[in-house]
Amino acid sequence: MGILAIMVLNKAGGLIYQRDFNEGLKKLSSNDYLVLAGTFHGVHAITSRVSPVPGSGGLEIMESEHFRMQCFQTLTGTKFLIFAQPHQPNIDVIVKRVYELYADYVMKNPFYQIEMPIRCEAFDRNLLAYIQPRQ
Amino acid sequence: MSANKAARIGEEVWKTRIDKVNAELVTLTYGSIVAQLCKDMEGDYLEVNKQLEKMGYNIGLRLIEDFLAKTNMGKCANFRETAETISKIGFKVFLNITPTVTNWTTDGKQFSLIFEENPLADFVELPDDGRAQNELWYSNLLCGVLRGSLEMVQMQVDAHFVNDVLRGNEVTEMRVTLVRIIDDELPPGED
Amino acid sequence: MQRQDPLQSPFVPFSPNPSLQQGTPTATAPLKHSLTASQSSNLRYSSSRKSIYDRHLNRTQRSELSKSSFAFLFGEMVQYAQKRVSGIQDLEKKSATPSFVPTHVSPAGPRHLKSLSEAIHSLTPRRLNLHGYTIGQRLLELLLWRDGRSAKRETRILGILQFITTTLYRSIFNKPADALEKSRDNEDEYMLIDNDPMVSSYISIPKEMSQLNCAAFVAGIIEAVLDGCLFPSRVTAHSVPTEQFPGKTVFLIKFDESVLEREAVL
């Protein structure tokens, strides 16, 4: 399995969580990540409107030779971005599990403020425990 | 989606995907919260109602993600489907009850939830001070939960109790009204 | 409540007469006609439904609800407790006024707060402890009633601690506590260990609040049970995270002088 990175965006497109799971990735500054997230949020909104198919959602998958990016938007507007090796199977399953972990360790944490950056130790721990054995 | 299908989904999720705890612990915990509020508000039951609704609202904002993550539900086609989803799946998955949906208005924007059982109010008797039975809605937290969770999926609703067996009424009944659908606002400058 | 003089009653009761019994109801016929409320009760009851006194107490014994429901409720409880203690003026008021000390607590209950800084650091766990306390009082009654005739009245420290570690813990959390230890340094201190307290399953304490442990709630439950069984004590929750168990919690149980004196005599 080759999950490279995971990002979580809040409803307004703000980056609330970013984590690399592969040592070889180039590190960006935190500002860069914020810009990246905001850009994606805008692109996502635009693609849902320019789509020739009526009633279509926004950008879901982006593939290149080097990576595959999948975006899952919940009904509440939260976006989960998974960056993986190309031809990585079962990303849907992985995204679902990440969503469940988010619902458990972020939503049920009374010290987490909604829409704010995620600083929940239990979420980090459980996410790592889920992703790492499968790398 | 029909009521039957919703009931089947609710039952299946409850059986296979939900971690469970002792119901009495939850009942006692809720009771402790209400009792503490009554003490803090110094017997102003109308204020307690407000606080319970607000707490429920805060819970609702978060609970919706847990609900969506566990049930994989997509968008509901109309408000009737929403009602069935709430009663057969939502309440089933969290409280293991399925309140009945009735008393629809002709425009389909308002319905009632009738609670045969209410685990939050098990073994509860309101204080006998002449006011509690007239002013306090014990389970008001549930109204806030509905309001908060539906707001996160673009529905603005109003939910309030109209009957409660704790008050001596025949049934426990919550009235839910769809106020409006919250449309996404386009960022300025975008057509 | 009517009391019949047992000597004058022509019948020897087959099972305890509800109107003579004080406290918890027995497993006899529903108390439909007994005076469950005072003569001047103004409570209205639904005509179609039975009152709570008609429902059997064991009805919900095995009932289950979703862990999420508890987690969300508990989370709100923690947030509410925090909100009530934020603000220095609020703190000063809360630590000084007697209304903060619960009136239903036994005489050996929570100690008064000595300083303002102590107040600041201990108020949230205090309120959580209080919530747990009211629950513990009720749970104790329920557990002892359910044990029925085989309920044993614990008189020794080890006995009551075993009760808490096994029976109480199992009834709430479906598993016994992980370990029970006696302090080497202090005669009056015992430690109950839970590797992964259920109440804190989803909670991550921010670094700036590391002294807060939400299991103070469970500490309150334990304290109520001890107080109710006449082992006055003070119970606090402390985080002792390990690599394997990041949520590991020690409940420090500090018994009153009177308990040790009694233990020595027995």
**Message:** Check the orientation of A:Phe67 and A:Phe83. Use parallel for under 30°, tilted for 30 to 60°, and perpendicular for over 60°.
**Reply:** tilted

**Asked** Would you call the rings of C:Phe74 and C:Phe70 parallel, tilted or perpendicular if under 30° counts as parallel and over 60° as perpendicular?
**Response** parallel

**Prompt:** Less than 4.0 Å between a side-chain N and a carboxylate O, is that true for C:Asp227 and C:Arg234?
**Reply:** no

**Asked** Can A:Arg97 and A:Glu100 be counted as an ion pair, charged N to O under 4.0 angstrom?
**Response**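 The answer is yes: the pair qualifies as a salt bridge.
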
How close do [X] and [Y] get, counting heavy atoms only, and between which atoms?
X	Y	result
A:Ala103	A:Met107	O-CB, 3.2 Å
C:Cys229	C:Leu140	SG-CD1, 3.8 Å
C:Thr134	C:His131	OG1-O, 2.9 Å

**Prompt:** Using non-hydrogen atoms only, which part of C:Met209 is less than 4.5 Å away from chain A: side chain, backbone, both, or neither?
**Reply:**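 Looking at C:Met209, just its side chain touches chain A.
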
**Prompt:** What part of C:Leu212 gets closer than 4.5 Å to chain A, counting heavy atoms only: side chain, backbone, both or neither?
**Reply:**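 Only the side chain of C:Leu212 comes within 4.5 Å of chain A.
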
**Residues in residues 17-26 of chain A near chain C [non-hydrogen atoms, under 4.5 Å]** =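 The list, in residue order, is empty: none.
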
**Item:** Point-to-point distance, once rounded to the nearest 0.5 Å, from CD1 of A:Ile94 to CD1 of A:Ile6
**Value:** 8.0 Å

**Request:** Tell me, please, which residues at least two apart from A:Tyr99 pass ring-ring contact (aromatic ring centres under 6.0 Å, His included).
**Result:**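 Partners of A:Tyr99 under the ring-ring contact (aromatic ring centres under 6.0 Å, His included) test: A:Phe72, A:Phe80.
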
**Request:** Could you tell me which residues satisfy ring-ring contact (aromatic ring centres under 6.0 Å, His included) with C:Phe231, sequence neighbours excluded, listed by chain and number?
**Result:**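 So C:Phe231 forms no ring-ring contact (aromatic ring centres under 6.0 Å, His included) with any residue.
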
**Item:** Among C:Cys214, C:Ala71, C:Pro206, C:Gly247, residue most engaged with chain A (heavy-atom pairs, under 4.5 Å)
**Value:** C:Pro206

**Prompt:** Heavy atoms under 4.5 Å from chain A: which residues of residues 197-205 of chain C carry them?
**Reply:** C:Ser201, C:Tyr202, C:Ile203, C:Ser204, C:Ile205

**Prompt:** Within the distance-only criterion (no hydrogens, no angle test), does the side chain of C:Ser233 pair as donor or acceptor with the backbone N or O of C:Lys254 below 3.5 angstrom?
**Reply:** no

